[in-house]
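These notes are about the structure you will find just below.
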Amino acid sequence: MPIAVDIDVMLAKRKMSVGELAERVGITPANLAVLKNGRAKAVRFSTLAALCEVLECQPGDLLRWETDGAPDPTVP
(Lines give C-alpha, C1' and ligand atoms only; values in the text may rest on other atoms or scores of the structure.)
Protein backbone atom coordinates (compact mmCIF):
# COMPACT_ATOMS: atom_id res chain seq x y z
CA MET A 1 0.00 0.00 0.00
CA PRO A 2 1.43 3.41 -0.88
CA ILE A 3 0.46 4.98 2.48
CA ALA A 4 2.99 4.29 5.23
CA VAL A 5 2.12 4.74 8.90
CA ASP A 6 4.83 6.12 11.19
CA ILE A 7 3.12 5.84 14.57
CA ASP A 8 6.09 3.82 15.89
CA VAL A 9 8.40 6.75 15.15
CA MET A 10 6.23 9.17 17.12
CA LEU A 11 5.81 6.68 19.97
CA ALA A 12 9.58 6.41 20.26
CA LYS A 13 10.03 10.19 20.15
CA ARG A 14 7.41 10.63 22.89
CA LYS A 15 8.68 7.61 24.90
CA MET A 16 5.14 6.27 25.03
CA SER A 17 3.87 2.69 24.89
CA VAL A 18 1.24 1.40 22.49
CA GLY A 19 -1.02 0.62 25.44
CA GLU A 20 -0.72 4.14 26.84
CA LEU A 21 -1.42 5.70 23.44
CA ALA A 22 -4.44 3.46 22.86
CA GLU A 23 -5.85 4.35 26.28
CA ARG A 24 -5.31 8.08 25.84
CA VAL A 25 -6.78 8.07 22.31
CA GLY A 26 -9.74 5.89 23.31
CA ILE A 27 -9.22 2.93 20.98
CA THR A 28 -8.32 -0.67 21.68
CA PRO A 29 -4.68 -1.72 21.55
CA ALA A 30 -5.68 -4.24 18.86
CA ASN A 31 -7.16 -1.51 16.65
CA LEU A 32 -4.10 0.67 17.20
CA ALA A 33 -1.87 -2.27 16.21
CA VAL A 34 -3.84 -2.71 12.98
CA LEU A 35 -3.33 0.97 12.19
CA LYS A 36 0.35 1.17 13.13
CA ASN A 37 1.23 -2.01 11.24
CA GLY A 38 -0.27 -0.62 8.02
CA ARG A 39 -3.12 -3.16 7.83
CA ALA A 40 -5.94 -0.61 8.24
CA LYS A 41 -8.07 0.14 5.20
CA ALA A 42 -9.22 3.49 6.61
CA VAL A 43 -8.82 5.81 9.57
CA ARG A 44 -11.46 8.15 10.92
CA PHE A 45 -10.51 11.81 11.04
CA SER A 46 -11.60 11.87 14.70
CA THR A 47 -9.10 9.06 15.45
CA LEU A 48 -6.36 10.81 13.47
CA ALA A 49 -7.09 14.06 15.31
CA ALA A 50 -6.94 12.28 18.69
CA LEU A 51 -3.63 10.63 17.75
CA CYS A 52 -2.20 14.02 16.74
CA GLU A 53 -3.45 15.65 19.94
CA VAL A 54 -1.98 12.99 22.22
CA LEU A 55 1.31 12.73 20.29
CA GLU A 56 1.49 16.52 19.77
CA CYS A 57 2.15 16.18 16.05
CA GLN A 58 0.66 16.82 12.63
CA PRO A 59 -1.10 14.18 10.46
CA GLY A 60 1.90 14.25 8.11
CA ASP A 61 4.09 13.09 10.99
CA LEU A 62 2.00 9.90 11.18
CA LEU A 63 1.15 9.23 7.54
CA ARG A 64 3.21 9.48 4.39
CA TRP A 65 2.77 8.49 0.78
CA GLU A 66 5.32 6.15 -0.77
CA THR A 67 5.71 5.40 -4.44
CA ASP A 68 5.50 1.81 -5.61
CA GLY A 69 9.06 1.99 -6.93
CA ALA A 70 8.05 2.55 -10.56
CA PRO A 71 9.59 5.66 -12.14
CA ASP A 72 7.28 8.63 -12.54
CA PRO A 73 6.59 9.03 -16.28
CA THR A 74 6.03 12.78 -15.83
CA VAL A 75 9.59 13.34 -14.53
CA PRO A 76 12.23 13.61 -17.27
Side-chain angles (χ1 to χ4, degrees):
M1 174 177 264
I3 301 296
V5 181
D6 291 328
I7 291 175
D8 283 339
V9 173
M10 292 308 296
L11 282 171
K13 286 182 179 179
R14 302 297 185 252
K15 297 184 173 125
M16 187 180 299
S17 71
V18 173
E20 181 183 353
L21 179 60
E23 184 178 324
R24 291 178 62 184
V25 170
I27 61 176
T28 67
N31 282 341
L32 181 56
V34 167
L35 179 59
K36 80 178 193 69
N37 293 324
R39 295 188 317 260
K41 300 279 185 207
V43 61
R44 290 185 176 150
F45 279 2
S46 59
T47 301
L48 183 58
L51 287 166
C52 290
E53 181 177 352
V54 170
L55 293 170
E56 298 177 352
C57 66
Q58 294 294 313
D61 296 325
L62 301 177
L63 304 172
R64 69 187 149 78
W65 181 77
E66 292 183 333
T67 62
D68 59 6
D72 185 345
T74 62
V75 177

Any non-hydrogen side-chain atom of Met10 less than 4.5 Å from a side-chain atom of Leu62? yes
Can you name the residues that form a side-chain hydrogen bond (donor to acceptor under 3.5 Å, both in side chains) with Arg14, not counting sequence neighbours? none
What's the separation between atom CD in Glu66 and atom CD1 in Ile3, rounded to the nearest 0.5 Å? 8.5 Å
Leu55 CG to Lys13 NZ distance, which is reported to the nearest 0.5 Å: 11.0 Å
Who passes salt bridge (charged side-chain N to carboxylate O under 4.0 Å, His left out) against Asp61, sequence neighbours left out? none
Could you list the residues that satisfy salt bridge (charged side-chain N to carboxylate O under 4.0 Å, His left out) with Glu20, not counting sequence neighbours? Arg24
Side-chain donor-acceptor pairs under 3.5 Å in residues 43-53, sequence neighbours left out?
none

Counting only pairs under 3.5 Å, give me each side-chain donor-acceptor contact of residues 29-36, with atom names and distances, residues two or more places apart or in other chains.
unit_1	atom_1	unit_2	atom_2	d
Asn31	ND2	Thr28	OG1	3.4
Lys36	NZ	Asp8	OD1	3.1

Hey, any chance Val18 and Val9 share a hydrophobic cluster, counting ILVMFWY side chains that come within less than 4.5 Å of each other, even indirectly? no
